[in-house]
Number of protein chains: 2
Amino acid sequence: MPYTLLRENIDKHIQFSDAEFETYSSFFYPKTISKKEYLLRQGDICRFEGFVTKGCFRVYTIDNDGNENVLYFAVEDWWVTDIDSFTNQAPALLSIQSLEDSEVLLINKKDKEQLYQQMPKVEKLFRIMTQKTLVSLQRRLIRNHCYTADERYLHFIKTYPKIAQKLTNLQIAAYLGISHEFVSKIRKKIASKK
Amino acid sequence: MPYTLLRENIDKHIQFSDAEFETYSSFFYPKTISKKEYLLRQGDICRFEGFVTKGCFRVYTIDNDGNENVLYFAVEDWWVTDIDSFTNQAPALLSIQSLEDSEVLLINKKDKEQLYQQMPKVEKLFRIMTQKTLVSLQRRLIRNHCYTADERYLHFIKTYPKIAQKLTNLQIAAYLGISHEFVSKIRKKIASKK
DNA sequence: CGCAGTTATTGAACTAGTTCAATGTTTTTA
DNA sequence: TAAAAACATTGAACTAGTTCAATAACTGCG
């Protein structure tokens, strides 16, 4: 089942034969993560790229003032890693923690390099996936500039209703870059409009 | 000279033999853009990826309220495109305008595809470049959340002093996501502290 | 079950940043 | 070189969002 998800993930971006997928998937190994466990801690070196097959993660960083800042939440079919740390084997700026019992498929650095070498098509796959991620991040940056907090909140729960359900106000606030009290106030405002 | 810059650009990311670079660079053609001319207009389809060899561009979007939002400025050694529009040949959300007389090396969609096919190494090159862009955008997103406008302004002029020199307050404001009046006030504050 | 810890709500006081409008400055262009 | 246009500065009034503090509601756990 986890590998079925991995297959479906690829099919969204590129065509792989069964044999190609076989090779590709053989580089990944499953890992079970219990609730609140860390896949990666800020400061450590990120040894993996992970594909989420079950559960939910928050990918975040703590700034100098101790504020938590969520870069994104990852559920089934999302990838989790600190690319910078993984690529350069340098200390991570990001932490990755599960919000519930979860499962991932992991690939480590050496195997990733070997996979690139053995299957050049994987370069294309990750080039395409990274591009798509970049586009959505560009759009989010723009939204952050031109939307109000209310609009950003609404956009988030509309775009990711399933993820939003799993989250506390605190977590949503850390993603939107606002205070959790203000999330409360936004909710109240919305409720009273209906 | 423009092609020397392209060579130096590649050398930062990957190793190319002279022959490989020869092939690679033969896919690009130079274009001269005079001040305030558009390389791409929001709504049009982006037919190129461009490597800036001279001058300066702003890559921006206009939101529903008519506010201009600068995604980034591109000078020598930067790439300009609307990836989403280029990849999917769909209407662009972004406009790309030169701020001064400029020069770019362009590659169009078909040639890019042919290049990928002919030189799989180019997949790796663009995978790596896209990853680096993604990392810097992730960091910018986080900065936008945890820095004040003053801090973001200072970070910007410190990180890109050469670019900042070329820009008006209006343009810097559109990049930082604040009003240009506030940029003025920040400048005054900083000046008075010295 | 009951209690501890975390999360949510609310209000009051505050502040970072906006908006508007007026004035001054620089740049562009005829 | 003058006039027009674009850009920058400044202050006053405003507002979106914060911070703090107090209370209420949930959640998990022994």
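Every chain is numbered from 1 and lettered A, B, ... according to where its sequence line falls, protein lines coming before strand lines.
Taking the six-membered ring for Trp and thresholds of 30 and 60 degrees, B:Tyr147 and B:His155 have ring planes more than 60 degrees apart, a perpendicular arrangement. Between A:Trp79 and A:Phe126, the ring planes lie perpendicular to each other; the angle is over 60°, past the 30° to 60° tilted range.
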Trace of the salt bridge (charged side-chain N to carboxylate O under 4.0 Å, His left out) decision for B:Asp18 with B:Arg7:
CA-CA 9 Å; B:Asp18 289 350; B:Arg7 171 90 223 203; 3.0 Å; yes
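For D:dT19, its base sits under 3.5 Å from the side chain of A:Lys185 at one donor and acceptor pair at least. The base of D:dT10 does not come close enough to the side chain of B:Lys189 for any donor and acceptor atom to sit less than 3.5 Å apart.
If you take NZ of B:Lys36 and P of C:dT27, they are 12 Å apart, rounded to a whole angstrom. Nucleotide C:dT18 holds its C1' atom 15 Å from the NE2 atom of A:His145, rounded to whole Å. Rounding to whole angstrom units, CG of residue A:Leu170 and P of D:dT18 are separated by 13 Å. To the nearest angstrom, C1' of C:dT18 lies 14 Å from CG of B:Asp150. Atom pair A:Leu99:CG and C:dT7:P shows a separation of 11 Å (rounding to whole Å applied). The CD atom of B:Glu181 sits 15 Å away from the C1' atom of C:dG24 (whole-angstrom rounding). Atom CG in A:Leu176 sits about 17 Å away from atom P in D:dA16, given to the nearest Å.
Ring pair A:Phe16/A:Tyr24: centre-to-centre distance below 6.0 Å.
A sub-4.0 Å separation between OP1 or OP2 of C:dG11 and a side-chain N or O of A:Lys188 is present.
With distances taken from any side-chain atom of A:Phe182 to the nucleotides D:dT18, C:dT9, D:dT9, the minimum falls on D:dT18. If you check D:dT19, C:dG17, D:dT10 against the side chain of B:Thr148, the one that comes closest is C:dG17. When distances are taken from the side chain of B:Ser184 to each of C:dT19, D:dA21, D:dA8, the shortest belongs to D:dA8.
Residue-level contact check: A:Thr168 touches the backbone only, with heavy atoms under 4.0 Å from sugar-phosphate atoms and none from bases. Backbone-only contact: A:Lys35 has heavy atoms under 4.0 Å from sugar-phosphate atoms and none from a base.
Residues A:Phe86 and A:Lys109 are in side-chain contact: their nearest non-hydrogen atoms beyond the backbone lie under 4.5 Å apart.
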